[in-house]
Amino acid sequence: MQDKYQPAAIELAAQQHWESTDAFRVTEDAGKPKYYCLSMFPYPSGKLHMGHVRNYTIGDVLARFHRMRGFNVLQPMGWDAFGMPAENAAIQNNVPPAKWTYANIEYMKAQLKRLGFAIDWSRELATCTPEYYRWEQWLFTRLFEKGLIYKRLGTVNWDPVDETVLANEQVIDGRGWRSGALVEKREIPMYYMKITAYADELLQALDHLPGWPEQVKLMQKNWIGRSEGVEVHFPYDLSTIGSSGVLKVFTTRADTLLGATYVAVAAEHPLAAQAAASNPELAAFVYECKHGGVAEAELATMEKKGMPTGLRVVHPLTGEYLAVWVANYVLMGYGEGAVMAVPAHDERDFAFALKYRLPIKMVVGSPRGAYENTVAPWVDAYAEQGRLVNSGKYDGLHFQDAVDAIAADLENKGLGEKRVQYRLRDWGISRQRYWGCPIPMIHCGDCGDVPVPDDQLPVVLPENVEITGRGSPLAKMAAFYDCSCPKCGKAAKRETDTMDTFVESSWYFLRYACADSAGAMVDPRVNYWAPVDQYIGGIEHAILHLLYSRFFTRAMRDCGLVQASEPFTNLLTQGMVVAETYYRDLDGGKKQWINPADVSIERDERGRIVAATHVADGQPVVIGGTEKMSKSKNNGVDPQALIDQYGADTARLFIIFASPPDQQLEWSDSGVEGASRFLRRVWNFGHAFTSEVRAALPAARTLPSGDLPAALAEVRREVHTHLKQASYDFGKHQFNTVVSAAMKILNALERAPRDDASAHAEVAEEGLSILLRLLSPITPHISHALWQDCGFGSDIVDVKWPEPVEAALVQDELELVLQVNGKLRG
RNA sequence: GCCCGGGUGGUGAAAUCGGUAGACACAUCGGACUUAAAAUCCGAAGCCGACAGGCGUGCGGGUUCGAGUCCCGCCCCGGGCACCA
C-alpha cells in the first residue's frame with residue numbers, strides 16, 4: 001500500500017479491475033428489483049464540460065448507491081450526435097460533420113471512462129448511426145400512416161442574403177448571425193407531430209408523477225395550457241368583405257362579449273391578405289409585420305402596432321358592425337389567428353384602444369364598486385370577474401352564469417359553442433438542415449407524399465458533402481433526392497429535410513434496454529427496464545425534451561412497442577455550473593473576457609476579494625459577476641485539468657459537496673483543494689489502520705454490545721448518528737450533506753482516544769468500514785483501494801450499504817429537539 | 001411580455017413538521033512543528049461596538065408565545081418561451 005495518496009495510480013487500478021470483471025454489465029434479472037438510472041446523454045461538442053461531469057457524477061452516485069441497496073442497476077450512456085454545431089464546425093474548419101462528431105465521441109468517451117462511472121458500455125449508442133435512426137424513420141412512417149404526423153405550412157426565420165432558414169438562436173436582434181441581414185418570416189411546408197392529440201393525457205398524467213419536482217410539473221401544466229372557453233363566430237359583413245363566412249375567435253371571457261368593440265387578426269390571416277390586396281398602405285404594414293424572427297419572446301416584447309383593414313364583421317349577439325384590425329401581437333399559430341378585443345377588461349386591448357382611439361365599453365361592474373368607468377391608467381381590477389352591466393338581458397349575471405347564458409344563445413344561433421383550447425401546439429419537426437435524420441418521405445407527382453417502405457429503410461444520410469451555410473446540401477444532391485415512387489414506380493423526389501434533433505432524444509432511453517436489437521426498434525426487454533426509475537439532467541430541459549419524451553413514449557405505446565406510458569418515474573433536475581467572469585474593456589465598447597484560470601485574486605485581511613489581476617501581465621482586470629460557464633464569457637473551467645491534477649475522486653467529491661444537486665454550483669479552486677485534503681486524510685487514516693491499529697484488534701469482538709470506555713462509546717455513537725443522517729440525506733438527494741456527515745465521521749474517528757488500544761481498534765475498524773461504504777458511491781476509487789488494503793474484501797461495488805446499529809445506542813438528536821420543543825410549547 | 005425557480009457570514013452552504021440561525025467546508029487571521037518552505041495539526045471568528053449592548057436569513061408589511069420557514073406587496077438574479085442542445 002502506498003504511503004501517500006496518489007489518485008492516478010489507484011484510480012487506474014480500480015477502473016481496470018472493474019473493466020476486467022465487467023462489473024457494470026447488466027442483464028434482465030427477475031430475481032432482483034430493477035433500477036434504471038439514466039443521465040441525459042451528451043451532445044458530442046468536443047470535450048466534457050463541468051455540467052456533464054456534474055450530471056454524470058450525480059447519476060453515478062445514485063446508481064452505485066442503489067446497487068449497494070440490492071438493486072439490479074442499469075446505467076447506460078450514448079451520444080445525442082445530430083445537431084447544428086457539427087455543421088458550424090464543418091463551415092469553420094472544413095471538417096465533415098460525421099468525422100468531427102465521431103472524433104469528439106471518441107475523446108469524450110475516454111474522459112467519461114477516466115471519471116470511473118459505473119456505465120454499461122455494451123449498450124452505447126450514437127443517434128447519427130443508421131442502426132439508430134433507421135428505427136426513427138420506421139416509426140415516422142407508422143405515425144404518418146396513423147395520422148399522428150401530417151404536413152402543413154409553418155413559419156420559419158428566413159435569411160434573405162444567405163437564402164437559408166435560421167434557428168432562433170441564429171437570429172440576433174432581428175438579423176441573421178452570419179449575414180447581418182434583416183430576418184423575415186417565411187411560410188414553408190413542414191411535417192408536424194400531433195402532440196395535441198395527447199394534450200389531455202399529458203396534462204392529467206402529471207397528477208400521477210409524485211417523483212417529479214412540483215416546479216417542473218407546474219411548468220408543463222402551464223405549457224400545455226388547458227383553457228375552457230367559447231368559440232365565437234363573427235359573420236362577415238358582405239358589403240365590405242364581399243363574401244359570406246365567419247371570423248372565428250376563441251375567448252375565455254365570453255362574459256365580456258358585449259364589450260367587444262373591434263376584432264384583430266394576425267398579419268398572415270386571409271382577411272389581412274384580402275384587404276392588403278387593394279390597400280398599399282396596409283400591404284406595407286403586413287410586410288413590416290413579416291420582419292423579425294418567430295421567437296415568442298421577441299413577439300411579446302415588441303411594440304404593439306396595428307392598422308384598420310376597412311373590413312367589418314357583425315357582432316353575433318347585437319348585430320352591430322365591428323371593425324377588423326390587423327395587429328402584430330396576434331399570432332397566426334395560436335388558436336384561429338384572430339381575437340375579439342374588449343378594451344375595458346383586457347390590458348393589451350386597453351392599451352391598443354387608447355393608442356388608436358378605439359371605443360371602450362365597460363360591461364363588468366366591480367363586485368366592490370371600486371370603479372365606475374374604465375379610464376387610464378389601466379388597473380388590474382378592470383380584468384376581474386364580476387356582475388355584468390350594459391349587457392341587456394345578461395345584466396346582473398356573474399361570470400360563470402353569464403358565460404353559460406351567452407354560450408347557449410350563441411349555440412342557438414349557430415354562431416358559437418363552448419370549447420376547450422390548449423396553448424400547446426403541434427410539434428413541427430422539419431428542419432432544412434443537413435446533419436440530422438432524413439425524413440423518410442417521397443414526393444410523387446401522381447401519388448403525392450408517400451412514406452418510404454420498410455424494405456427501403458434506412459434512408460441513409462450521405463456523409464461526403466460540402467457544407468456552405470447556404471441552404472441544405474441535400475437539396476443540391478441529385479444522387480440523394482432522385483428516386484422512384486414506391487407506389488407507381490415513376491420518377492419522384494425524395495424529401496430533403498431532416499428531423500428536429502429532439503426526435504432522437506425522445507426515445508433513446510427505450511433503445512438502451514435493447515441497443516443490440518437489429519430486427520426491431522425495441523424488443524420485449526424494454527418492458528423489463530422501462531420506465532426509467534431515475535432521470536437526471538439540466539433544468540433547462542424541464543419543458544421541451546421531457547414533454548416530447550412523454551409524448552413519444554405514449555405514441556410508441558399506442559403502436560404496441562412498449563407498455564409504459566410515462567418514461568421517467570423520478571426526475572432530478574440539476575442546477576447549472578457557474579463561475580466568476582473577468583474582463584477588460586476594449587476600444588469600441590467591446591469586452592475581452594479572461595478565463596478565471598488566468599486571473600489572480602487579491603484579498604483583504606478578512607478574506608474579501610478586493611482586486612483581480614491577469615497572471616500574464618500583472619495588470620488589473622474587472623470582476624464581472626458570476627455567470628453560467630460559457631464560451632462567450634470565457635469562464636469555463638476544463639474538467640480535464642482538474643482530473644489530471646487531482647484525480648477523478650476529488651473532482652467528483654468537490655462537485656457533490658459544493659452544492660445540493662438541484663441548485664446552481666459555483667466553481668471554486670479552493671473548494672477543490674479542500675476536497676483533495678479530505679481524501680488525503682481518509683487515505684492516511686486507512687493507512688494508519690492497516691499499519692498500526694489493526695494489530696491491536698482483539699480476537700473476540702465486543703462490538704456492538706461490549707462495554708467500551710465512555711469516550712469511545714461516544715465516538716461510536718457519533719459515527720452512527722452521522723451515518724443515520726447521511727442515509728436520510730441520500731433519500732432526499734442531499735448529497736452535499738452526505739459528504740458533511742462523512743467529514744464529521746472522520747473528524748470523530750481521528751479524535752478517538754487511543755489509550756485503550758484494542759477498544760480503539762474495534763471502533764476504528766467499524767468506523768472506517770462505514771466511512772468507506774458511505775463514500776463509495778461518491779469516491780469509488782479510493783473506497784475500493786482502501787477496502788482491499790484494509791482487508792475488508794476484494795471489491796466494494798457489491799458490498800451492502802451500512803445501516804446504523806443498536807438504536808438504543810444512537811441517541812436520536814431529532815427526538816431530543818422535539819422533546820425540548822414540547823416543553824417550550826407546554 | 002408570459003411561465004417557473006432562487007436570494008442566509010468574506011465564499012459554497014446547513015437548519016428534517018413554525019422552535020438555540022450559520023452544522024460541514026473554503027477563504028482569512030493567530031499558534032505549533034520546521035533552518036526555511038510545503039505538508040500536517042491546534043485555535044479564533046456573523047455584523048456594529050472599547051464594553052454594556054444592539055442588529056442580523058434581499059426590501060416593506062402581516063399572522064404567531066415564537067418566522068430563514070406561513071401570508072400580502074415589492075426589488076434583484078437565474079431558467080424556459082416551441083429551430084441551441
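None of the values given here were measured: they were computed from a predicted structure. In what follows, chains carry the letters A, B, and so on, assigned in the order in which the sequence lines appear, proteins first and then strands, with residues in each chain numbered from 1.
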Each base of RNA chain B marked ( ) or [ ] if paired in-strand (Watson-Crick or G-U under 3.5 Å), | if paired to another strand and . if unpaired gives (((((((..(((......[....))).(((((.......))))).(((....)))..(((((..]....))))))))))))....
Expected list for residues 46-53 of chain A: side-chain donor-acceptor pairs under 3.5 angstrom, two or more places apart:
from	atom 1	to	atom 2	distance (Å)
A:H49	ND1	A:G51	N	3.0
A:H49	ND1	A:H52	N	3.3
A:H49	NE2	A:H52	NE2	3.4
A:H52	ND1	A:H49	N	3.0

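- In this structure, A:L424 reaches the bases: a heavy-atom distance under 4.0 Å links it to at least one base atom across the strands shown.
- Checked against side chain to side chain contact (heavy atoms under 4.5 Å, CB included), A:R677 has the following partners two or more places apart in sequence or in another chain: A:R680.
- Of the candidate nucleotides B:C84, B:A23, B:A13, B:C84 has the atom nearest to the side chain of A:M84.
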Could you check A:R754 against A:E692 for salt bridge (Lys or Arg N to Asp or Glu O under 4.0 Å), going step by step and ending with a plain yes or no? CA-CA 11 Å; A:R754 306 181 67 159; A:E692 305 155 28; 3.7 Å; yes
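- Note on A:N684: nothing from the nucleic acid sits closer than 4.0 angstrom, heavy atoms only.
- Between A:D80 atom CG and B:C84 atom C1' the separation is 11 Å, expressed in whole Å.
- On the C1' atoms, B:U69 is 12 Å away from B:A21, given to the nearest whole Å.
- One P atom belongs to B:G68, the other to B:U57, and the distance between them is 7 Å to the nearest Å.
- Ranking B:C24, B:A82, B:A13 by closeness to the A:R425 side chain, first place goes to B:A82.
- Take A:Y150 and apply the side chain to side chain contact (heavy atoms under 4.5 Å, CB included) test, not counting sequence neighbours, and it matches A:R152, A:Y192, A:K194, A:D426.
- The structure places CG of A:L749 at 8.5 Å from CD1 of A:I770, a figure rounded to the nearest 0.5 Å.
- For A:K305 against A:K355, the heavy-atom pair with the smallest separation is CG-NZ, 4.2 Å.
- When the side chain to side chain contact (heavy atoms under 4.5 Å, CB included) test is applied to A:L679, the partners found at least two apart in sequence or on another chain are A:Y5, A:D649, A:T650, A:L653, A:T779, A:I782.
- When the C1' atom is compared between B:U64 and B:C17, the two are found 16 Å apart, to the nearest whole Å.
- Residue A:F678 is classed as having no contact, given no heavy-atom separation below 4.0 Å to the nucleic acid.
- When the C1' atom of B:A13 is taken as reference, atom CG of A:D729 falls 13 Å away, rounded to whole Å.
- Closest-nucleotide positions on RNA chain B for A:R751 and A:R431 were compared, and the one nearer the 5' end corresponds to A:R751.
- Under 4.0 angstrom from either OP1 or OP2 of B:A39 there lies no side-chain N or O belonging to A:R680.
- A:V165 comes within 4.0 angstrom of a base, heavy atoms only.
- Using a 4.0 Å heavy-atom cutoff across all strands shown, A:S430 reaches at least one base atom of the nucleic acid.
- Within the nucleic acid shown, A:A742 has no heavy atom closer than 4.0 Å to any nucleic acid atom.
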For residues 164-177 of chain A, which side-chain donor-acceptor pairs fall under 3.5 Å, sequence neighbours excluded?
from	atom 1	to	atom 2	distance (Å)
A:T164	OG1	A:G471	N	3.3
A:N168	OD1	A:N157	ND2	2.9
A:Q170	OE1	A:A167	N	2.7
A:R175	NH1	A:G180	O	2.9

Distances under 3.5 Å only, N/O to N/O: pair up the protein atoms with those of nucleotides 1-9 of chain B.
from	atom 1	to	atom 2	distance (Å)
B:C3	O3'	A:N222	ND2	2.8
B:C3	O2'	A:N222	ND2	2.9

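- As judged by a 4.0 angstrom heavy-atom cut-off over every strand, A:R681 is placed among residues touching the sugar-phosphate backbone only.
- Counting only heavy atoms from C-beta on, A:Y728 has its side chain closest to B:U16 among B:A25, B:A23, B:U16.
- Counting any heavy atom pair closer than 4.0 Å across all strands shown, A:G428 reaches sugar-phosphate atoms only and no base atom.
- Within 4.0 Å of A:P42, counting heavy atoms only, lies no atom of the nucleic acid at all.
- By the side-chain hydrogen bond (donor to acceptor under 3.5 Å, both in side chains) test, A:E136 is found to be paired with A:W507, residues two or more places apart in sequence or in another chain being considered.
- The P atoms of B:G58 and B:A13 are separated by 14 Å, rounded to the nearest whole Å.
- Residue pairs meeting the side-chain hydrogen bond (donor to acceptor under 3.5 Å, both in side chains) criterion with at least one member in residues 736-751 of chain A, sequence neighbours excluded: A:R681-A:N747, A:R681-A:E750, A:D729-A:T737.
- Comparing the same atom, C1', in B:G10 and in B:G56 gives a spacing of 16 Å after rounding to whole Å.
- With sequence neighbours left out, A:W435 forms a ring-ring contact (aromatic ring centres under 6.0 Å, His included) with A:F82.
- Nucleic acid contact class of A:M302 (heavy atoms, under 4.0 Å, all strands): none.
- Going from the P atom of B:A27 to that of B:U35 covers 26 Å, rounded to whole Å.
- A parallel orientation is assigned to the rings of A:Y548 and A:W427, their planes being inclined by less than 30° (bins at 30° and 60°).
- Under the ring pair (Phe, Tyr, Trp, His ring centres under 6.0 Å) test applied with A:F41, the options A:Y56, A:W79, A:Y508 reduce to a single match, A:Y508.
- In this structure, A:H733 has its ring center under 6.0 Å from that of A:F735.
- Using a 4.0 Å heavy-atom distance criterion, A:H541 is classed as a base contact.
- Closest approach to the A:E540 side chain among B:A23, B:G80, B:G12 is made by B:G80 (side chain taken as heavy atoms from C-beta onward).
- Under the 90° criterion around 0 for the glycosidic angle, B:C17 counts as syn.
- Partners of A:Q92 according to the side chain to side chain contact (heavy atoms under 4.5 Å, CB included) rule, which considers only residues two or more places apart in sequence or in another chain, do not exist here.
- Distances shorter than 4.0 Å separate none of the side-chain N or O atoms of A:Q170 from OP1 or OP2 on B:C84.
- At the heavy-atom level, A:F502 lies under 4.0 Å from base atoms of the strands shown.
- Glycosidic torsion of B:G49 falls outside 90° of 0, placing the base in anti.
- Nucleic acid contact for A:V156: base, since at least one base atom lies under 4.0 Å from a heavy atom of the residue.
- Between A:N88 and B:C84, a side-chain N or O to OP1/OP2 separation shorter than 4.0 Å is absent.
- OP1 or OP2 of B:A13 lies within a sub-4.0 Å distance of a side-chain N or O belonging to A:S659.
- For B:A82, one of the phosphate oxygens OP1 or OP2 lies less than 4.0 angstrom from a side-chain nitrogen or oxygen of A:N168.
- Here A:T501 reaches the OP1 or OP2 of B:A85: one of its side-chain N or O atoms lies under 4.0 Å away.
- Nucleotides B:U11 and B:G46 place their P atoms 14 Å apart, quoted to the nearest Å.
- Residues from residues 184-197 of chain A lying near RNA chain B, meaning a heavy-atom separation below 4.0 Å, are A:M190 in numerical order.
- At the heavy-atom level, A:Q432 lies under 4.0 Å from base atoms of the strands shown.
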